[in-house]
Amino acid sequence: MSVSMKDLDPAFRGSGQKDGLEIWRIENFKPVPIPASSYGKFFMGDSYIILKTTALKNGSLRHDIHYWIGKDTSQDEAGTAAILTVELDAALGGRAVQYREVQGNETEKFLSYFRPCIMPQPGGVASGFKHVEANNQDHETRLYVCHGKHVVHVKEVPFARSTLNHDDIFILDTKSKIFQFNGSNSSIQERAKALEVVQYIKDTFHEGKCEIASVEDGRMMADPEAGEFWGFFGGFAPLPRRAPAEGNEKHEETAIKLLWYFDQGKLEPVNYESLAHELLQTNKCYFLDCGAELYVWMGRTTSLQERKGASEAAEKLLSDSNRTKTHIIKVIEGFETVMFKSKFKEWPQTPDLKLSSEDGRGKVAALLKRQGLNVKGLMKAAPAKEEPQSYIDCTGNLQVWRVNDKDKALLSSSDQSKFYTGDCYVFQYTYAGDDKEECLIGTWSGKKSVEEDRVTAVSLASKMVESAKFQAVQVRLYEGKEPIQFFVIFQSLQVFKGGLSSGYKKFIAENGIDDDSYSEEGLALFRVQGSGPENMQAVQVEPVASSLNSSYCYILHDGNTVFTWAGNLTTALDQELMERQLDVIKPNTQSRSQKEGSETDQFWSLLGGKSEYSSQKMVRELESDPHLFSCILSKGNLKVKEIHHFTQDDLMTEDVFILDCHTSIFVWVGQQVDVKVRLQALDIGEKFVVLDFLMENLARETPIFTVTEGSEPPFFTRFFTWDSAKSLMHGNSYQRKLAIVKGGGAPALDKPRRRTPVYSGRSTTQDKSQRSRSMSFSPERVRVRGRSPAFTALAASFESSSNRNLSTPPPVVKKLYPKSLTPDSLNTSSKSSAIAALAGSSDRPTETPTPESIKDGSESEKPKQEEDAKDGAGTMNNRVESLTINEDVKENEPEDDEGLPIYPYERLKTTAADPVTEIDVTRRETYLSSAEFKEKFGMTKEAFSKLPKWKQNRLKIALQLF
């Protein structure tokens, strides 16, 4: 089906090309655009067409078309709106979903465009717009009833005591004050949402100048506000127990009927045993009557006239049966809504479509492109693939445990990034947030790990989160489905075959499986992948030629025989990452480089001979546009409801919500949620993955994050326009909203920001030198494998060139600031000369000391952890860690060059026994004398002030001044 642009109404031309709303009013049976300043203002005597265009992350545009029918509009005008909607859809490519909206019974999706509500006014085009303008001098007292937890349906009702009831929420709008009456049976969430309507009425009809009062059902005349409210009704009197106000009734569930539309308005029932997708034929139109909704399904090859006829027939069907509350939703084959598809027994993921002429432009462009011709301008360019950002401070502190025999064993800092695919791990990552320490506790389960270890890992992590009073974020991860946050936390990760846990050993023994766990002396092949030094992994694969891929670099070793292999499609960065991973896997062994196409016979011999292999780079799933759902877990069953065009205000403190981004699932739990439900947060996430509400084929291994209100991490809040003050307020949703409405705004936090987090990943506003704890890298520079400029400067004073024959320094260099050390162990850091070398380097910030771990019964493991940090370090490492910072106390000086008071270093440290008070804690270093400053930092204050902020912070962290 196609429609010529010359046959399209001029008012529609050029519409739907950018994100946002466009609205037309039907005047004399023609669409007339209305100005954006009038969006949300509807008149009861008119009909409107509303186009919502949404720009998706994949670069395409999604269209939703609504036609709104006022209660006083004529039937002919309403019919015109329905027909014009079909024409507009055809002009947009025949992909839009079309909704019929009747005044007082609008869909939640429609109302979400005009938050907090719409309040249609009397009048319209046919009546010459004889409606009453807002005028406070001649203000008419009105009574409204409100329904809805997420979006609010507002309806004006008779101003009489008999209208009130115990089940609903009413708003009384008087000349000088707006009252909200809360029925005793109404929910807290509904009361909170109704307050948004109160604020809207105040701003719209009172120019923001009137008082607001809340009245609770049953409150006696002794309360001044209640007395004033009841005075408008002639005094207080008990309300009878009866049905709620009109408009709150629910549709009874009816049997689903499938009807075939044909021959200019005739309908024929389609008999079926099971409602299957195959019943729908692409050259026909069908009605799916579900009672509350009437779906009109239009095949891709149906004509414009057939679609118009089906639209008219649907209107007539509802009119003849007096079904005023039923929604009409029109969908096109291939672009059905989730709710429509869910009515069928099964729905194919990618149904075969017979594309019509409206798709010709894309088909022609694809054909020309295959022929090698320039197709620029023929089709919209695909969105640029950007490296995903992690939105997490990458200079934090990491601890890792391996699950073993229903317990966990702490790994040393040198082993905490070495995972085995047969094992499960628990990790804890602490980092600086805006105003407090943030914590992420997670589990990682290898592909070959046993179920018992997986359950144990989640149980142990959940106990750690519970002991932290749910202030830590929890995440459940599986090998192969890790999010970017995981990779930048570990930065350099190695995944080996086999396992070391007793559970894995027992499993392979009982099933007669050979133990293929990694051995340094055996044959092994590693694929190297990642986006940079802050995100790189080496994954062990089968040592055969078919495991190779032209888009990756590989490390192959058989004992001390080591090869590196670079595919023809790899970059200089890929090869640099391979060198870095070689430093970890085989640090003291010379390697032989192999380029694709010029390999030696020995290389192929180790792989068992040549064979075909892929050249296609593995593509990770892309994050989709987020969807927010409210969740209720009842008797083991999960009920979800989507919240359209969500905001932070939709996250009610009494409820649980799920944010679905396809690549990750977030379970948000409000502070007022019962503890028993909090403990089920991860289960709720897992049930949602199984439910797959959006029918997006969610994998069971999809990462699941659980987030508690008040502890939201940046990688969650980025999906909202976030105000941290709201999540830190006390009380329930209604009490919080009432405080904001009466106070005129959300309370501001008066807390000093700790520091600016350092995020990894590319950003237009971020200095690339701040990308991680790991070494910075430029593909153009020449470097000795494994060395950074900071390491070279630091090691030059104690490393003799005659002691080394290899270019690779020991990986023990990481122990300059081990992630697993406690704050007290920082007394054994490097000297001021080493600090100066670090300040002058181009490296990224390194590891910071780990704060006190969440108490989970692992304190007894700390001495062993520190002992492990010393084992195998070698002479060079011992000499590095034996250097100490001279911390002799200096005598106080009256003031420094800037006129600030002077204090000794010992009192300025964050761990000081007698700390200085009444100072700017973010600038502790400025209170040192010039002499002591130069002694500690190895430079003057002026030189220090010229360093980048991240370098300053790193030095301050090392000296316990941050």
Side-chain angles (χ1 to χ4, degrees), residues 414 417-418 492-498 516-530 532-533 536-615 617-618 774-775 777-788 791-792 799 801-813 874:
S414 60
S417 63
K418 298 177 180 178
S492 175
L493 183 71
Q494 298 80 45
V495 180
F496 301 104
K497 294 175 65 176
D516 61 350
S517 297
Y518 172 72
S519 170
E520 291 185 5
E521 303 305 320
L523 177 65
L525 178 66
F526 293 87
R527 182 183 67 246
V528 179
Q529 59 196 34
M536 56 179 177
Q537 306 88 44
V539 181
Q540 187 177 359
V541 295
E542 287 296 322
V544 293
S546 58
S547 296
L548 299 177
N549 188 309
S550 300
S551 296
Y552 294 92
C553 293
Y554 290 79
I555 298 170
L556 173 66
H557 76 71
D558 185 11
N560 290 328
T561 302
V562 181
F563 289 94
T564 61
W565 186 87
N568 287 333
L569 301 180
T570 59
T571 64
L573 175 60
D574 295 327
Q575 294 165 30
E576 169 68 14
L577 300 186
M578 175 180 64
E579 292 291 319
R580 290 175 180 267
Q581 289 298 321
L582 185 58
D583 289 343
V584 179
I585 296 172
K586 283 291 184 179
N588 298 312
T589 308
Q590 292 285 13
S591 63
R592 298 169 59 184
S593 298
Q594 304 284 296
K595 292 290 185 179
E596 183 178 7
S598 59
E599 301 87 350
T600 63
D601 292 339
Q602 185 181 7
F603 175 82
W604 291 120
S605 176
L606 290 177
L607 294 179
K610 294 182 180 181
S611 69
E612 293 184 359
Y613 52 83
S614 175
S615 61
K617 192 159 190 172
M618 292 178 291
S774 65
M775 297 175 288
F777 166 66
S778 170
E780 289 77 20
R781 72 179 173 89
V782 179
R783 62 180 289 273
V784 177
R785 180 159 56 87
R787 288 181 185 257
S788 70
F791 175 84
T792 303
E799 181 184 10
S801 59
S802 62
N803 293 335
R804 295 194 53 80
N805 296 319
L806 301 174
S807 61
T808 307
V812 69
V813 66

What pair of heavy atoms forms the shortest contact from [X] to [Y], and how long is it?
X	Y	answer
Glu542	Lys497	OE2-NZ, 2.7 Å
Leu582	Ile555	N-CD1, 3.6 Å
Ala538	Ile585	CB-CD1, 3.9 Å
Ala545	Ser611	CB-OG, 3.3 Å

Heavy-atom check, side chain of [X] versus side chain of [Y], under 4.5 Å:
X	Y	answer
Leu525	Leu606	no
Ser546	Glu612	no
Thr570	Gln575	yes
Thr564	Leu556	no
Asn560	Gln590	no
Phe526	Met578	no

Look up atom [atom1] in [X] and atom [atom2] in [Y], then write down how far apart they are to the nearest 0.5 Å.
X	Y	atom1	atom2	value
Ser517	Gln540	OG	CD	9.0 Å
Ser591	Phe563	OG	CZ	10.0 Å
Asn568	Ser598	CG	OG	8.5 Å
Asn588	Asp583	CG	CG	9.5 Å

Working for side-chain contact (heavy atoms from CB on, under 4.5 Å), residues Glu521 and Asp558
CA-CA 6 Å; Glu521 303 305 320; Asp558 185 11; over 6 Å; no
Will you find, in the side chains of [X] and [Y], an N or O donor that is under 3.5 Å from an N or O acceptor?
X	Y	value
Gln581	Ser492	yes
Glu596	Trp565	no
Gln494	Gln537	no
Arg527	Gln529	yes

Are the side chain of [X] and the backbone N or O of [Y] linked by a donor-acceptor pair below 3.5 Å?
X	Y	result
Tyr613	Val544	no
Thr589	Lys586	no
Tyr554	Ser547	yes
Glu599	Gly597	yes

Is the charged tip of Lys617 near the ring of Tyr552: under 6.0 Å from the six-membered ring centre and within 45° of its axis?
yes
Derivation of the side-chain contact (heavy atoms from CB on, under 4.5 Å) call for Thr600 and Arg592:
CA-CA 10 Å; Thr600 63; Arg592 298 169 59 184; 4.0 Å; yes
Residues in side chain to side chain donor-acceptor pair (under 3.5 Å) contact with Thr571, at least two apart in sequence or another chain
Asp574
My understanding is that only residues two or more places apart in sequence, or in another chain, count here; which of them pass side chain to side chain contact (heavy atoms under 4.5 Å, CB included) with Leu569?
Ser550, Ser551, Ser615
Measure up the His557 and Tyr518 rings against each other and bin them: parallel (under 30°), tilted (30 to 60°), perpendicular (over 60°).
perpendicular
Exceeds 12 heavy-atom contacts within 6.0 angstrom, atom CG of Asp601
no
